[in-house]
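Note on naming: letters A, B, ... go to the chains in the order of the sequence lines (proteins, then strands), and numbering restarts at 1 for each one. Only this structure's heavy atoms are used, side chains among them; waters, hydrogens and symmetry mates stay out.
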2 protein chains.
Amino acid sequence: METNKRKHGHITSVLLIDDHEMVRDGLKVMLLSLKKDIRLKVDEAASGEEALRKIARNDFDMAIIDYQMPELSGPETVCRIVRFKPAIKILALSNYDELAYIEGMMHAGANGFVLKNIGCGELLMAVRTVLSGNTYFCNSVALKIIDAGLDKKPHTGIHHKTITPRELEVLRLIAVGLTNDEIARKLFLSKRTIDTHRQNLLNKLGLKNTAGLVRAAYEMKLLD
Amino acid sequence: METNKRKHGHITSVLLIDDHEMVRDGLKVMLLSLKKDIRLKVDEAASGEEALRKIARNDFDMAIIDYQMPELSGPETVCRIVRFKPAIKILALSNYDELAYIEGMMHAGANGFVLKNIGCGELLMAVRTVLSGNTYFCNSVALKIIDAGLDKKPHTGIHHKTITPRELEVLRLIAVGLTNDEIARKLFLSKRTIDTHRQNLLNKLGLKNTAGLVRAAYEMKLLD
DNA sequence: TTTTAATTACGTGTAAACACGTATTTTTTG
DNA sequence: CAAAAAATACGTGTTTACACGTAATTAAAA
């Protein structure tokens, strides 16, 4: 059942998942601005947890999910949603067209991937495409995918070593400029522990120094 | 004339300046959601240039301006607006509470600085405060300012030392992950020269390590 | 043309990051 | 409950970054 059967009068319900109220509001405005062919009902969640709770209680046709969110990340959230309710169409949203994010979201089960800088028209196009059972990528994302030849090899997996919550926390602190020692004091841990986390981050992400880590943090939207 | 005299029926007109439609929409929703005490009229501009054009033609009471935008940056835009129409109150908007950005916007002439992750309530508070002729900072921003002792010395100017083209070039290479030695080889220079450039960058930008430099590079859009 | 800003470069020392291991404890999950 | 994953921590050594100076040459601006 790939195609979404929308009969007359059926109201398509969409769940917007993003930790920024501003982004949710922006999405909502765009979605509601051109509801000629699709009757939309929009709900919001400020976190992956809230999203899962809402999805457990209500029936949604689709979810629009930001890549980076505090507790539960975008890919994690997508993963749980598809395991829980495989019928829900998922459009991934991100600030950056980083290959790893695209891969992460798509592999988790998203049906499309668009950047936040798209306009209203393209957003609606993406929503329609995904709702109809197809896959949508915005331009630069599509280019990246082709460029990386991801369309050929199905699931080779780019890095896919999972970064643990603790590591993510450390990564963020590294990116804001703290030294291992400062992070250790902040988290009440040994400096050597942070040393290890840092090393593991470098290995898992395939990076070689602090600059790389900061870039990664940026791209994961850990800085705000 | 510090206080803004708003008489009954006066409609306060606000110009939202951000290159992301989504952000502008989000702001608009937030602003219009609680227009009990202030009657707002909201207009938008997707760039600094467009903003200046609109400001030249219409009278605005305030502008809400994102720090980073493609062509004309936030501070540049602010600078031109205040020189052009000093009466316009300006609220600076940013994703990050980096000291350099706060300084840049405030020094350019902004009347307040808030992060994009604020909620509706705080946004309105900020708007009201700024419109009434006072200065507003969201929490983390205020902390940074106090921490840096910016409130004491009025216009000592934190960085405002100009970053030279060569330094910019080095900064970019640092951010993409090269070591001083690698940069030196790439530019056919001594390692010590790059050492100096790096040090000067740290001093001029008021940063303390590589992480800070990478963040700076990101914000200056040197990467992507 | 003089003065200023930019680019280049070195000396010396300390602090921090990076690389490679190993290893225990705690938490999660099948 | 057993197995796997995550979080904790240490040892040792090398490399790189950071801090504080000084200073010559070159390009740009007043």
Any N/O donor-acceptor pair, A/T196 side-chain to D/dC10 base, under 3.5 Å:
yes
Rounding to 10°, can you tell me the angle the first-five-pair axis of the helix from C/dT1-D/dA30 to C/dG30-D/dC1 makes with its last-five-pair axis?
70°
note: A/L202, atom CG; C/dA19, atom P; distance rounded to Å ~ 6 Å
Does the side chain of B/N180 get closer than 4.0 angstrom to OP1 or OP2 of D/dA17 through an N or O atom?
yes
Think B/H197 has a side-chain N or O under 4.0 angstrom from the OP1 or OP2 of C/dT7?
no
Sequence neighbours excluded, the answer for salt bridge (Lys or Arg N to Asp or Glu O under 4.0 Å) partners of A/K41 is none
If only side-chain N and O atoms of B/T210 are considered, is one of them under 4.0 Å from the OP1 or OP2 phosphate oxygen of D/dT16?
no
Residue from A/K54, A/K28, A/R53 passing salt bridge (charged side-chain N to carboxylate O under 4.0 Å, His left out) with A/D43
A/K54
Identify, residue by residue, the members of residues 182-194 of chain A with a heavy atom below 4.0 Å from DNA chain D, and return them in order of residue number, or none.
A/L189, A/S190, A/R192, A/T193
Once salt bridge (Lys or Arg N to Asp or Glu O under 4.0 Å) is applied, do any residues pair with A/E169, and if so which ones, sequence neighbours excluded?
A/R166
Describe the nucleic acid contact of A/N209 in one word from base, sugar-phosphate, nothing, applying a heavy-atom distance below 4.0 Å.
sugar-phosphate
Heavy-atom count around B/K208 NZ within 6.0 Å, excluding the residue itself: above 12?
yes
In short, A/A217 meets A/L171 closest at the heavy-atom pair CB-CG, 4.1 Å
Please tabulate the protein-to-nucleotide N/O contacts below 3.5 Å involving nucleotides 24-26 of chain D, giving atom names and distances.
none

Detail all sub-3.5 Å separations between protein N/O atoms and N/O atoms belonging to nucleotides 27-30 of chain C.
none

Quick one: is D/dA19 close enough that its OP1 or OP2 comes under 4.0 Å of any side-chain N or O from B/Q199?
yes
A/N58 atom CG: more than 12 heavy-atom contacts under 6.0 Å
yes
